[in-house]
Every structure is written in C-alpha cells, then in structure tokens.
Amino acid sequence: MTASIGQFINGHATPGQTQRTQAVTNPATGAVTAKVHLGNAADVQAAVAAAQAAFPAWADTPPLRRSRVMFKFLELLNQHRDDLARMITAEHGKVFTDAQGEVTRGIEIVEFACGIPQLLKGDFTDQVSTGIDNWTLRQPLGVVAGITPFNFPVMVPMWMFPVAIACGNTFVLKPSPLDPTPSLFMGELLKKAGLPDGVYNVVQGDKEAVDALLVHPDVKAVSFVGSTPIANYIYETGAHHGKRVQALGGAKNHMVVMPDADLDQAVDALIGAAYGSAGERCMAISVAVLVGDVGDRIMPKLTERARSLKVLDGMNLAAEMGPIVTDAARQRITGYIDAGVAEGAKLLVDGRVFDAAKAGAGCDQGFWLGGTLFDHVTPSMKIYKEEIFGPVLSCVRVKDFAQAVQLINDHEFGNGVSCFTRDGNVAREFARRIQVGMVGINVPIPVPMAWHGFGGWKRSLFGDMHAYGEEGVRFYTKQKSIMQRWPESIGKGAEFVMPTSK
C-alpha cells in the first residue's frame, strides 16, 4: 500500500484540506513510494493561524528555555541522524554517506541556535546623556516561513527554522514535494523535544502554497532557496506585500586551477565537487578554469577519473554518485549536454550512455545519468552561461590569472568559487578581487560553517542578509532602541530639541 504524506499543523500530522496529490518516487528505481497531499490556500491559512496563535506565548518564553528545547531537539537528531539520511537517499537519491553529511551540517545549525541567549544580548550605554540611559534589544518578528528545495530536504530547512524558532518566532515550512518525509519527521522530533504545538508547521505543496504564504498578512518574513527566476519572484512578491525576504538563487560556481597547484588534489576536488550529489547542489563546481598549461596536464587525469566514477544505488556504501532526482530533471540535463555538443564543446565523457542496470538490482527503471565532462568550453556557450544543476563539468582554458578573475567576475551569478594554488599572494588577491559571496582557497565547496552565514552575490542572492549565523539572527529579529530617564533627573520646562549628549 502506498504511503500517504500530508501536512504537520499545530503539532499534528494531517492530510489537510487539499484534494490534489503528487507521487513521491525513489529515483534509483523509479518506483512510486508514496503520495504527497499538495497543500492549498486553506491549508496555509490553517498553518499560519496555528503559528499566529502560538506566537505570543513562545515569544514570551525566556531564551534559555527556548534553548533547552533546541538542546533536546539536538539530542534527538543525533539519535536519528541515520534515519534522516535514509529518508534523504530514498526520496532524493543522493548516496547515503552524502546524506549523512547533509544531516550533520543541519545539526551544526541547531548547535549554533542552542546559543541563542548569548546571541540575543543587546547593547547598553549608561548616561548616554545626563540622566538618560540607552539600550537595544532584539525581538522576534512573528510568523515566518521557509520555502526550501529538493536537493537538501534536511539541511536547508535547518538553515532556517532552528534559528527562527530559537529567536522566538513561529515557523511554517513549505518543503519540496519531491522529498517531503524529512520535514514531517523533524516536526515529530521537535514535538518530542518539548516544542509547543503550532510553533513549527509544515505545508506540503507547490506554487499555490507558495503564493498563499507570500500574500498572507500574518507572515512577516520569508526565506527561500532555489533557482534565480523563482528567487526573484519570491523577493519581489514578498517585498510588495511588506515582508522581510531573503531569497537565495542559482549559481555557476567556478574552480580556478593555477599552474602551481597540486594537480592530484585539484582532480580530487573537481570530481567530488562536480559530481557529488549528482551535481544537484547550488555550491557544486560546474566550471573548471584551467590557467596556462594546466589544461594539457590535468585533462588526462580528470577524464580518467570521470570515466571511472562509481555511479550506484545510493544505499551502496561504495557509491560516489547516485541518480538524478526525477526523470524530467534527467531529460533537462541531457538537453544541456546535447546543446554543448551542438555548440562545439569537446565531449570527453558522455553521461548519457550510462547503463542503468550497472547501478544495482532493480535500478534499470531509475533516473540515471553518468558524469559528463566537456573541454574547450567558451563563455558564449549555453552550458557555460546557465545553471545545469546536474553532473556536468565544463572546462574553460585561460591564459593567466587576470583572465580567470575577469571571466568569473563577468558572470551573472556570484554564489561560490574556489582557487587551487600554492602561492599565498595569488590566494590573497583572488579572495579580495573576486566578486563572489563565498570563496574557497584549496577548498572546493566553501559552504560557511554554522556561525558564519551562507549567501552569494549578484543574481545568487535577493535580499540583504545571508542565511543562518549572526545574520540569520538579525533576519529573524527586529531591533528596538530604548531611552529612559526618571522624574528626578528631568529639568523644569518644555524641551524643543531631541535628546543630545550633554
């Protein structure tokens, strides 16, 4: 019997009021494993109403008590981390070890959120003027929402709700309907941790649910991770309706390989960063920028490794790459490979010819694609300009460091970038001059740790604040400034000027 997946509203699982459903599939086999009820505007209304009702008491809960709930949630997450990883592999397809890493990165955000009493401390100035003191505090916004993508069904929601809830807000999560199970499981763990009903809610769904959240007057802020066109839409629509918005969009991440780099290390980095999670990461390296004679020296090594990539069922611990999330996504990616060939890029490894039967028993009907490698890609080609979001690595050759920097700075996206070199001055100049939000020096996927914050530049981020870290705390709170004095210090007579320091 096919499982039924619904909403999590006011502390309880429910199918909701929607009549629409969508199949949930195992990408490795193509088998339908569940149906998810796609929430409608009425379901969003119910979730927001529950969150709104829970907000006053939760906002008044002392930060230390909110932190204790996060600590208990952290304990439960550590007990069930492999359960979450198995859910990810079953519905997304990424290999189990990669799924475990995703859960771990999410857990680190919860660990950060446990420190909320310290993070919410304000500033105080005694005697800012004669008889007057001035201080600031940060207060929660109210009901906030998160709209998250399929590729990280645990980590990306955890970029949002642990910080938001720890700050005293209540939360409505709209996850991807492609892998909806973890969102409900996390709700059950939060309930076991002692989180009051209504503080965390889940509405499954598609554009109907998204639009209902964007226009709802009680939703004060929206966080989003996904493609640039949708990020732009989320930002403009949410801001038009008076909401605070952080919308993280697409990427085209480059990795520069300098002539002095350790080529074996660079190959390892490119293989892992380009083909890990089947390239379905906003921080995946999709362009290798080969400087000087690096191209001639590295391509034989890179080609050999790409051809020998272990593409297997994600639950096989030997797997390096799993399937594509859906058949539609696989067809979109193969269309990009077709375009690269048509535009004259040199196809060295063709993932379209991968034999699905080699992935494991029962995988012949899954959504499989091998790793693909192009050389002699130029900036005018579609495979260079657009985000493919699949296991396709494009190699571009440039003559020197300056040309590499210019190439990257000219791109519309500015999410992540990496440079492999032994030269400290090159590394310093690269980090300073590159117009990208997250930079790695000999680090291929420079996703910041939990206390630093995640976000790109240019058309990779719409809004002013990055996700999680201290910027996440600022995003989910509003600052209040308070000036105070007492009657004994007030002089006689009306004052016609603002307080000054005197």
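Positions are given from 1, in the same order as the sequence printed here.
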Practice prompt. With the side chain counted from C-beta on, respond yes when Pro444 and Leu270 share a heavy-atom pair under 4.5 Å apart, and no when they do not.
Written response: no
Practice prompt. Using a 4.5 Å cut-off on heavy atoms from C-beta on, say whether the side chain of Asp98 contacts that of Thr89.
Written response: no
Worksheet entry | Residue pair Leu84 / Met186, side-chain heavy-atom distance below 4.5 Å | yes
Discussion item. Within 45 degrees of the ring normal and closer than 6.0 Å to the centroid, is that where the cationic atom of Lys94 sits relative to Phe152?
Written reply: yes
Worksheet item: Within a strict 4.5 Å, meaning less than it, do heavy atoms of the Asp211 and Tyr233 side chains meet?
Response: yes
Discussion item. Would you say Glu91 and Thr181 are linked by a side-chain donor-acceptor pair, where the criterion is simply a distance under 3.5 Å?
Written reply: yes
Worksheet entry | Donor + acceptor pair across side chains of Thr104, Arg81 (<3.5 Å) | yes
Worksheet item: Got a sec, which pairs hit ring pair (Phe, Tyr, Trp, His ring centres under 6.0 Å) with one end in residues 80-100, sequence neighbours left out?
Response: His80-Phe185, His92-Phe150
Worksheet item: Can you find a side-chain donor-acceptor pair between Gln7 and Thr14 that sits under 3.5 Å?
Response: no
Worksheet item: Crowded around Glu304 CD? As in, over 12 foreign heavy atoms under 6.0 Å?
Response: no
Discussion item. Measuring only between side-chain heavy atoms, which start at C-beta, is Thr2 closer than 4.5 Å to Val24?
Written reply: no
Item to complete: Find out whether Phe389 and Asn151 are in side-chain contact, i.e. whether some heavy atom of one side chain is under 4.5 Å from a heavy atom of the other.
Response: yes
Practice prompt. Please check if atom NE2 in His240 has more than 12 non-hydrogen atoms from other residues, nucleotides or ligands closer than 6.0 Å.
Written response: no
Worksheet item: Would you say Phe354 and Leu369 make side-chain contact, with heavy atoms under 4.5 Å?
Response: no
Worksheet item: Do Tyr384 and His254 have ring centroids that are under 6.0 Å from one another?
Response: yes
Worksheet item: Any salt bridge between Lys72 and Glu75, counting N to O under 4.0 Å?
Response: yes
Worksheet item: So with a 6.0 Å cut-off around NZ of Lys35, is the heavy-atom count from everything else above 12?
Response: no
Discussion item. Among residues at least two apart in sequence or on other chains, which ones pass ring-ring contact (aromatic ring centres under 6.0 Å, His included) with Phe112?
Written reply: none
Discussion item. Side chains of Gln45 and His216: any donor to acceptor distance under 3.5 Å?
Written reply: yes
Discussion item. Is it the case that over 12 heavy atoms from other parts of the model lie below 6.0 angstrom from the CG atom of Asn78?
Written reply: yes
Discussion item. Using the ring pair (Phe, Tyr, Trp, His ring centres under 6.0 Å) definition, which of the options Tyr476, Phe475, Tyr468 pairs with Trp159?
Written reply: Tyr468
Fill in: Ala51: partners by side-chain contact (heavy atoms from CB on, under 4.5 Å), with sequence neighbours left out
Val143, Thr170, Val172, Asn201
Discussion item. Are more than 12 heavy atoms, taken from residues, nucleotides or ligands other than Gln79, located less than 6.0 Å from that residue's CD atom?
Written reply: yes
Discussion item. Quick check for you: to the nearest 0.5 Å, what is the distance between Thr334 atom OG1 and Ile388 atom CD1?
Written reply: 11.0 Å
